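Below is one structure, written out as structure tokens; the observations come after it.
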Amino acid sequence: MALVDISGLKVSFRQHGGDVTAVHDVSFKLNEGESLGIVGESGSGKSVTCLALMRLLASTAKVEADRLMLDDVNVMDASTGAMSALRGKSAAMIFQDPMTAFDPVFTIGQQIVETIRTHRKSSKRAALAEAEQMLLKVEIKNAKDVLSYYPHQLSGGMLQRAMIAMALSCQPKLLIADEPTTALDVTIQAQILQLIKSLQAELGMALIVITHDLGVVAETVDRVAVMYRGRVVEEGSVAEIFDNPQQAYTKSLLASLRAGEARQPDVESIDTAAPALELRGLSKTYRVRRRRRIMHEYLDFHAVRDVSLVLPRNKIVGLVGESGSGKSTTGMMAMRLTPPSSGEILVDGTDIGGLDGPALKQFRRRMQVVFQDSYSALDPVMTLAQIIAEPLHIHNLHTPKQQTEMALDWLERVGLDRSFGQRYPHELSGGQRQRVAIARALILGPSVLVADEPTSALDVSVKAQVIGLLKQLQQEMGLSMLFISHDLSVVRSLTDSVVVMYRGRVVEQAPTAQLFASPQHPYTRALLDAIPVTNPSLRRDRTFLTAEQIASATPRVSRSSIADALPGETPQLITIAPGHLVEAIVTH
Amino acid sequence: MTTETDVALAVPPAYVQRSPAYFALRRFLANRAAVGGGIVLLILILAAIFAPLLSKSDPTAQAFLKDSLAFPSAEHWFGVDDLGRDFFTRILYGARVSLTIGFAAAAFSVLIGVPLGALAGYFGGKTDWFIMRLIELFSVVPPLLGAMLLGALTGGGFVTIIAVAALFGWVGVCLLVRAQVSAFREKEFVRAAQALGASPWYIIRRHLIPNSVSPIIVGFVLSIPLAMMLEAGLSFLGIGVPPPTPSWGQMINVGMNFVFFYWHMALFPTAALAITVLATTLFGDGLRDALDPTQKGR
Amino acid sequence: QSRLVAPGLSTTGTYMDYMRTVYARAAGADLVQVPLSGFDKNYELTALAAESWEQSEDGLTWTFKLRDGLVWSDGEPLKASDYIFSLQQAATSGYDFAWYWDTAASIANWKEVTDGTADVSTLGIKAVDDHTITVTTVTPKPYLPSVVSLWYPTPKHQFDKVGEDWSTNVDTIVASGPFKVQSWEKSNNTVVLEKNESYTGPWQAQVDEVEIDSSLGLPEVGLPAFLAGEADISNLNAGQIPVMRQRMPDNLRQDAVFAVSYISFDLDSPPFDNVDVRRAFYYAVNRDELTSTVLRDLAAPAGSILAPGYPGYNAEMAAKAVFDPQKAKDFMTAAGYPDGKGFPEVEIWFREEGGANGAILPPTAQYLQAQFKEILGITMNIKIMPGKDWMEGLLARKNNLYIAPYGYDYLDPSNFFGIFYNGGRHNYHVAEYDALVAQADSNPVWEERLKLYAQAEQVMIDQGMIVPLVHPLTTSVISDAIGGDATVPNENGYTPFGAFSYMYTHITKN
Amino acid sequence: MILFIIKRLISIAATFFAVSIIIFLMMHAVPGGPFDGNDMPVSAAVREQLMAKLGLDQPLWVQYLNYMGGVLRLDFGVPYQSPGESVLSLLANAWPPSLILGGLGVLIGAPLGILLGMAAALNRNSWIDYLASAVATLGLTIPVFVTSMLLILVFAVWLNWLPASGWGKPERWILPIVAYAAIPLATYARYTRSAFLDNINKPFVTTLRAKGLSERRIIFQHVLKNSAIPMVTVFLPMFIGTATGSIFVESMFRVPGLGSYFVSSIQNRDYPLEMALVLMVTVAICLAYLISDIVYALINPRIRFGGNKQ
Ligand SMILES: Nc1ncnc2c1ncn2[C@@H]1O[C@H](COP(=O)(O)OP(=O)(O)OP(=O)(O)O)[C@@H](O)[C@H]1O
Ligand SMILES: Nc1ncnc2c1ncn2[C@@H]1O[C@H](COP(=O)(O)OP(=O)(O)OP(=O)(O)O)[C@@H](O)[C@H]1O
Ligand SMILES: [Mg+2]
Ligand SMILES: [Mg+2]
């Protein structure tokens, strides 16, 4: 018997003005040990299909199916108890929005331990040790501390990895991974995918990976289903799909995948005006608790150390780096949403560090941000139209009617139907939410935008649309953007220069083309090396660098080759070419 | 083989943009208990307003002294009280006083409690310190003592009762809103609003209070019976609503003396109070659910 | 072991000392000490600690002889000096009842001593020897033996040992009466008394223990406890009477407490300085309707301040208080307020209290409010206030209209007529009345006194000094387990549960 | 954390003195003194002598300083209405019954209310929900003396299962505790229901389900803790409020508790007792707020005594 047997699945949601059908007539089977990738457009029903399989949909959902079997249990009419028994054991799920998927008032450790103990007999202590092992496996380096962290203390990527650890700790027969690596940098993504594959082999686990990243598909799965507008439009082995796509949509997906070419840098205009945004020596220190026997001790955790960064007018600067390296924190500090421990923030040459009230509000109007976690960045009790129109409302622009009109226009510009205007955030797919957040940030026509992973949940087609939009705005309105992303191909095609962060520090900074052409820092090199393949036939085993290896490979430069640096054992940023900075140890 | 064209759109066909209030109303109307509560409440309010039309007799005239304490009958639906007044009429007119006191006190405790709680929760620090001391002050002074002083200053009566009920009723609402707001303050969507340049007051009004609507509604509903009972208690201190103006609280107090035999004297005012509160509860629950979009359709 | 559980009256009990306080008296304080005289259930004066008494020729000095063999519960003999000491204390230490010994007994030099202008030794009371007390009065006081029914002794030896607070602590209280204190819970003034074996005087305890619990005084609390078998007696309120009358008709007892509720005025300021207004009020009260329909069994109509059965009760005078709406209206017109036009809005004040009055006053006030509106055309608001505030308002004349209750202290007309005498409680100064009462009080011949009181009462009516309203009645239910003389109604059909000393010594329980 | 507690203790002291001044002034602003308003007033000479004895002849501020000086030495004076003992010993005798009954009332009522509220939330708009609403409404609208009387009539008079009233044996506690429990039960049922509904549809609940946790565990551990956040702040103050006694319950059940002193001290102008009662409640409530803030911070990780904010 197949582990998963879905046939004729139809899911619709009750909505004002008629039900919306999210999934039509979806059928597929999956045997034990097999792996299936589901790719498709944002909002095409990928998540809904899997949630239906686990019977986790909201109660507004109406689920019909000829057959909906999981591990020989009919999901449609199993009892609540039988479903609880099934979940986690037969199938575990990695959710698309890891940042809202954790219970905010329990520590990560408690939540993983609880999972382990639900499924296996284990003492608290043993479970805690196992949880720590799992966290280490998903590349969370300070696993022991993270166990006692609460969800809000983790970065987006760390939460995603904790989510993965939690799902894997169930040791399920089937793992459903809904966009498991969107918040991860490519190095870690590659390690995680490898981990999942090895566990799959080890435990004979079946796998469903939902993703919009064909690279991930190419690397991990045997079969692929392509979804488009609520239907499976094409299904086949990885090779078949990649080599011989049938559907127009599939073809366009593959086409866009291969199109990731570096953009031509604009002619360097001599810019005399102050940069749009400048950060000088920003640092952020968090106090964290660490358990020490029965007592707790408080430690300083340096999330960001002495980061300086310049965002020139009308330019896009990419900020990339390891998950948890402090990118979001830097972005939040630049927006004055997180108070920096030290450093200055200059916008158009003005230090906004001390501004308050109306003065700050003036700057806010020109500076916008897209949050990494788009779900929790949307007020749950407001409709999308209200959310998108809110900036206009705050700054008292236009009449309420016009505000709504403009909000609906913006919905269309980010590829959503106007009817979404009266939906609430929880009624959207991951990618749809992200687009709403982008629309809100853009509606005021800002001159500075900090975009934290704005496209991580978007499939290539929508991503292209959004990026096109951003480029257009950059040209039309002189938008300058700090673009935080793990998606190196987007970074490559969109940004003018790139800043690489590693463990709270800037380790390299260069014009985009130059960085991709000749990366200098070992971490940058590792990062570029880890970009997933675009063709399943090119799969390869990778080797990863440990932190020690990276540290020991830090470039050493002799003092003679650079002008103003003092020699010392601590690495420092030095300029090695015009606009190309790298962290290195300066020797005599 | 499917083609792109026959793929259905995941959107409803006809589309008109509606305001969230419209949906809240629809959700509310779909909740039968809540609508029922609302209707009962409306009837009570209308009955209080149009009391003279519903009963011909005067609530203070002792027109039926011969039949005093008579049990309910066709002529006197709720019987006659100890002073020969038609009890139904008394209950009707009592609604005027009691509903006004109950709702005014509840409204005031929300009007005072919600902004203060939101300020304390949002700003924390000195603001919170100051408001917390204020809360402590009002929760340690027994309402009785406060009432006596206020009574001495104002001579008592209707306004004093509302003032006392409001002064001592807002603390609970305030604490809950403070807790809720300080929990929400760190949420991303609040930060998002900050990033848009929203003023603290705007954030409180547009985001934090709508997200705290449940404790506010519950607090509102709970303060109604408390205010009505306070009114009953205060009338003994000489600063209640002076007789012969009927109020339910007072009627319950008097009715207690008669409960062993003349049950109607205690039953009807208590029932009137209970029905009011129950109706308000159901109405409030419905409102709460209607305002919470995640409950949609359940 | 028989234990009687009964309701008490006052919820604050500060002193177990009858003489010291009225407002904070511990339950049972009147059972623990023995007064010189007492009243039995037919309101006959009975000798208690005093064996006999006699009046001097000039009528100004009384001599009381104490019984032999009276001792304190700690074995010390009870001496005349203990009685003298208690009154000396009353005169000098701010006892609540101090005024009584001036107005009711007019003991020589009392005012001077209380004002601090004379030494306490000059008081007109002397212990001639251990068994003899003499009392000198300013004017002849023919009814003094009745007045001394409230004269309780203070254990001077104990006072000297532990100080003036001897009566606040179970361990330091010594008893001279039929009971002694076993325990005392102050927060709700619950006292458990036990039979005082060393008491040798008349009216000895017939039960081993008595628990007097003030929280049982509320009928709402008392009756459920009674029904659950946890109390032997309970007072009933208007709503309870019909039920209990159905369930246990033979166990109900009614008591007239010799009390009266009346309206009083501020005679010196408008609108009540006008005698016609006051008389209009007098005629506008339908006492029969008030008592029969509004108050049901809680009160009887009051035509005068004296209740039927009280010494000096004058039925002829009482009959003059009739309900006459026309007369009332005429008086209003005469006062210049035809149909109440031009009459200011007034407020009537009464005090919140428990017991019989608590049940009577609120409905009475509201009844009057409606009646006065209808008959006199005036607006009278109602204000209920705590006892202390009310009394202070009355004494300081903060308002001009009150409902006042008064209960007897000793059985003589002078007790009631004294309330309005020469200032007194209401600041009344009606010369004609004062003169008549003064004469009546000191006249040794009973019949002549009665005549004088009747004249005084006529003045009271003519001047409209007060409007008598009702005489409260209390109804109680008693369990089958109790019996004895105290539970049998007297010749008037009343069972005087209000006379504590008599009642608790004449009750049995099996 | 320790710093936080110290800071709060200092502000409690501030509140304490603020309250003491306000109450002292209020108390003396209410007209009349302990020797006024008797049926027959004591003579001026005697009154003066008595006032002097109690120190009431001195200027107000001297009286205040004297009293507070005593308070700092834990001497709350002698109650006028019970001069044989100290205020402290009077409170020590009268508080335990109130604390036991009121405290148990809340401790029993609140959890039951939470259960009721949970049942209502989990079965929203079903008969269970409406029943819970009705129970909560009755708990709030039937005056506590009516509840008390009904309890006595049913369980003591009619069924004869329990004693009607009195104090001492634990079986006498049952009925008053039930009477006390009504209000916390009703209040908590309402708050729980709404707090539950706020949380039951959060995405993290879906995660918990996906992990295979039983419904019971999800509800009782996770949703409950999340819902508790707003409610802990009202629990302790309510506890204190109820544990200082109610005149109604205590008189209906003849409990020798604190309740009646609140009224009698005001009515008798028993200044030392009145002050002591208010100050005692002040300290108790302030501590309750302190503790509930700590508990609040403990279960709400985003609030950590200003730990992660500079
Ligand atoms: N609770 C809901 N109420 C109404 N519509 C919903 C609800 N949940 C999902 N939908 C709709 O169902 C469709 C499919 O959603 P789903 O989450 O499966 O998309 P997805 O394929 O996972 O997309 P993404 O890649 O953006 O996450 C979307 O159009 C979405 O708006
Ligand atoms: N409130 C907090 N308390 C303690 N540590 C925190 C807190 N917020 C963030 N951190 C820590 O700061 C570090 C940087 O977090 P940040 O969110 O900036 O990472 P990031 O570079 O955006 O990572 P990702 O790509 O995974 O989102 C992480 O190690 C995280 O654990
Ligand atoms: Mg999805
Ligand atoms: Mg991040």
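Order of the sequence lines sets the chain letters (A, B, ...), proteins ahead of strands, with each chain counted from 1. What you are looking at is a predicted structure, and each value in this text was computed from that prediction instead of being measured.
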Considering all heavy atoms, the nearest B/Ala193-A/Ile394 contact: O-CD1, 4.2 Å
What do you reckon, is CZ of B/Arg32 surrounded by more than 12 foreign heavy atoms closer than 6.0 Å? no
Which heavy atom of A/Ala377 sits nearest to which heavy atom of B/Ala192, and what is that distance? O-CB, 3.8 Å
Would you say A/His395's side chain and B/Leu196's backbone share a donor-acceptor pair under 3.5 angstrom? yes
Is there a side-chain contact between B/Phe189 and A/Pro380 (heavy atoms, below 4.5 Å)? yes
Chain B contacts: which residues in residues 358-375 of chain A have a non-hydrogen atom closer than 4.5 Å to it? A/Lys361, A/Arg364, A/Met367, A/Gln368, A/Val369, A/Phe371
Heavy-atom side-chain proximity of B/Gln194 to A/Met335 below 4.5 angstrom: no
Decide yes or no for B/Arg206 and A/His393: does some side-chain heavy atom of the first lie under 4.5 Å from some side-chain heavy atom of the second? yes
Would A/His152 and B/Lys187 count as a side chain to side chain contact (heavy atoms under 4.5 Å, CB included) here? Give the steps. CA-CA 9 Å; A/His152 74 276; B/Lys187 290 253 157 100; over 6 Å; no
Kindly indicate, with the supporting measurements, whether the criterion side chain to side chain contact (heavy atoms under 4.5 Å, CB included) is fulfilled by B/Arg191 and A/Met332. CA-CA 10 Å; B/Arg191 297 233 208 139; A/Met332 289 300 112; 3.8 Å; yes
With chain B, which of A/Asp379, A/Val23, A/Val381 has the greatest number of heavy-atom pairs at distances under 4.5 Å? A/Asp379
Using the side-chain hydrogen bond (donor to acceptor under 3.5 Å, both in side chains) criterion, which residues pair with A/Asp103? Sequence neighbours excluded. D/His222, D/Asn226
Does atom OH of B/Tyr122 have more than 12 heavy-atom neighbours from other groups under 6.0 Å away? yes
